[in-house]
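Below you'll find the structure, written out as structure tokens, and then a few comments.
None of these values were measured; they are calculated from a predicted model. Hydrogens, waters and symmetry mates play no part in the numbers below; they use all other heavy atoms, side chains included. Letters go in sequence order (proteins before strands), and every chain restarts at 1.
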Protein chains: 2
Amino acid sequence: MIHRYKGETHYLVAVDCIIFGFDGETLKILLIQRGFEPERGKWSLMGGFVKPEESLDEAANRILKKLTGLEGVYLEQLHAFGDPHRDPVERTISIAYFALIDIHKYQKQISEEYHAEWFPLNHIPELIFDHMEMVKLARRQLRYKASLHPILFELLPPKFTIPQLQNLYEGIYDTTFDKRNFSRKVLSTGLLIKQPDKDKSNSKKGAFYYKLDRKKYRANFQAFLRFVPNPDKLIH
Amino acid sequence: MIHRYKGETHYLVAVDCIIFGFDGETLKILLIQRGFEPERGKWSLMGGFVKPEESLDEAANRILKKLTGLEGVYLEQLHAFGDPHRDPVERTISIAYFALIDIHKYQKQISEEYHAEWFPLNHIPELIFDHMEMVKLARRQLRYKASLHPILFELLPPKFTIPQLQNLYEGIYDTTFDKRNFSRKVLSTGLLIKQPDKDKSNSKKGAFYYKLDRKKYRANFQAFLRFVPNPDKLIH
DNA sequence: GCAAAAGTGTTGGGATTACACCCATGG
DNA sequence: CCATGGGTGTAATCCCAACACTTTTGC
């Protein structure tokens with residue numbers, strides 16, 4: 001280090017994670033009960049301060065792993081929040097990230113020390129600081145992005161059925177789609193590989209499992225895939 | 001302030017602005033020649049450190065105004081950059097913003113003390129730190145967003161012609177569009193108000209001026225307006 | 001009167017929507 | 001044997017892309 005910039009103020013920099021999961025019924029986020037002051041006992045997003053030798057992405061991955069035990073999951077920077085008084089203790093700039101995980105891979109025991117719990121998106125408790133704002137923005141971004149790109153597969157297990165997928169979309173947009181049109185659209189992308197076996201947990205007939213073709217998924221991610229009719233009206 | 005978080009490292013936090021302008025021919029960004037060490041004399045984005053009592057958005061607006069004299073222009077947070085060694089002097093987290101301005105409103109004299117200059121997007125000089133990365137991301141984001149929402153009006157003067165608008169789109173996507181389809185699409189949104197007078201600088205016949213209907217613009221901003229055919233292939 | 005840019009209309013194909021019936025099976 | 005959810009086909013419509021000629025006027 002040659003020298004330092006003189007006279008400028010330094011701040012704490014944190015990362016907060018909005019972690020989405022889907023249990024087959026509703027879309028949920030993972031919250032923790034703060035174990036330290038201020039606001040001990042209140043609900044909050046999982047977060048942490050950025051360490052001297054890690055990048056922001058690394059910090060987000062570290063924090064996500066600490067709470068869920070998961071690595072290599074979908075994680076995207078959402079927005080930087082920097083209101084001077086957002087944290088009453090001391091000015092902290094927070095970079096919010098949102099993660100999409102397969103809720104079944106989530107290891108409950110790891111997170112018990114944090115008193116973590118899943119909350120349905122329409123029953124979020126009061127949150128500390130500006131975390132509710134972060135959650136709202138993340139939800140908007142998820143709707144927006146999912147209307148254009150096939151990211152919701154990240155919330156499903158490796159094998160899933162088309163009715164499950166449709167349930168997920170319907171849950172996120174709080175609406176219903178025509179199942180014939182939905183399955184035609186989804187299958188026409190060629191992103192899904194049909195499996196020989198069926199999921200019989202929801203019907204006597206059973207629904208075929210599909211797996212995501214990861215190769216085509218990566219190749220076509222940027223392409224606009226519109227599984228969602230009239231997204232304009234739904235993303236707010 | 002009750003107390004402080006113990007044992008955590010503090011960092012400098014900066015804001016850097018990617019300022020886009022359109023001169024009727026090509027899309028350009030505004031760069032400055034650094035007047036201080038390190039890297040004095042090298043080209044760089046306009047930036048500055050976040051002050052104790054301002055939010056990130058306020059910092060970005062302040063910096064934009066300092067360089068261009070403009071207020072109330074389109075300004076959007078792009079991404080936070082936080083590699084531990086992105087600034088060799090001292091760890092600095094930078095929040096990048098991108099701005100779209102009417103290049104004609106830009107006051108050259110204000111910026112002379114910064115040695116500011118406009119550079120066409122395909123002739124950007126070498127930049128300090130990770131600023132080139134920021135520029136590339138901003139360009140991608142501009143293409144992406146402009147393919148879905150009518151933001152490019154922000155780059156044009158209050159009165160403009162449809163051929164001018166088409167030129168702008170063609171410049172940004174480095175391609176050409178059919179003018180009949182283009183003008184039909186643009187006019188069908190109802191966003192434009194035809195003026196009685198013409199711009200005769202580009203042809204003998206002259207092209208009618210239009211003004212943006214700001215009310216409808218705000219109301220329809222979220223709606224997906226696709227002036228750009230096959231955006232999939234163009235946004236990279 | 002001609003060059004150069006502005007402006008406008010039609011048509012065919014592909015995509016999207018709306019809609020209804022049969023299938024498989026566990027109970 | 002029947003209730004439940006899974007799976008599929010078709011027709012009407014809309015949207016979009018492709019395409020060519022007329023208009024205006026400064027020189």
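Between the side chain of D130(B) and the main chain of E133(B), no donor-acceptor pair closer than 3.5 Å is present.
Side chains of E154(A) and Y217(A): a donor on one and an acceptor on the other come within 3.5 Å.
With sequence neighbours excluded, the residues satisfying side chain to side chain contact (heavy atoms under 4.5 Å, CB included) with N122(B) are P120(B).
For the atom pair CD (Q195(A)) and CD1 (I193(A)), the distance works out to 7.0 Å, reported to the nearest 0.5 Å. Atom CG of residue L137(A) and atom CG of residue L78(A) lie 4.5 Å apart, to the nearest 0.5 angstrom.
Of the candidates dC19(D), dT8(C), dA6(C), dA6(C) carries the atom nearest the A207(B) side chain, counting heavy atoms from C-beta on. Comparing dT10(D), dA6(C), dT8(D) by their nearest atom to the side chain of R184(A) picks out dT10(D).
K66(B) has its side chain within reach of Y114(B): a pair of non-hydrogen atoms, C-beta onward, lies under 4.5 Å apart.
K194(A) places its NZ atom 11 Å from the C1' atom of dG6(D), with the value rounded to the nearest Å. The distance from atom CZ of F182(A) to atom P of dG6(D) is 13 Å, rounded to the nearest whole Å. One can place CZ of F208(B) at 12 Å from C1' of dT23(D), the figure rounded to the nearest angstrom. Computed from coordinates, the D199(A) CG to dT4(D) C1' distance equals 14 Å when rounded to whole Å. The nearest whole Å value for the distance from the CG atom in N167(A) to the P atom in dG5(D) is 11 Å. At whole-Å resolution of the value, CD in Q195(A) and P in dG7(D) are 13 Å apart. Per the geometry, CG belonging to D178(B) stands 15 Å off P belonging to dG7(C), to the nearest Å. What separates NZ of K179(B) from C1' of dT23(D) is a distance of 11 Å, to the nearest Å.
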- What one-letter contact string describes nucleotides 22-27 of chain C from 5' to 3', where B marks a base within less than 4.0 Å of any protein heavy atom, S marks contact via sugar-phosphate atoms alone, and - marks no contact? -BBBB-

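Among pairs with a residue in residues 16-34 of chain B, those fulfilling side chain to side chain donor-acceptor pair (under 3.5 Å) read D16(B)-S94(B), D23(B)-K28(B), at least two apart in sequence or across chains.
Judged by distance alone, with hydrogens and angles left aside, R180(B) brings a side-chain donor or acceptor within reach of the base of dA20(D), the pair sitting under 3.5 Å. Within 3.5 Å, a donor on the side chain of N181(A) pairs with an acceptor on the base of dA18(C), or the reverse.
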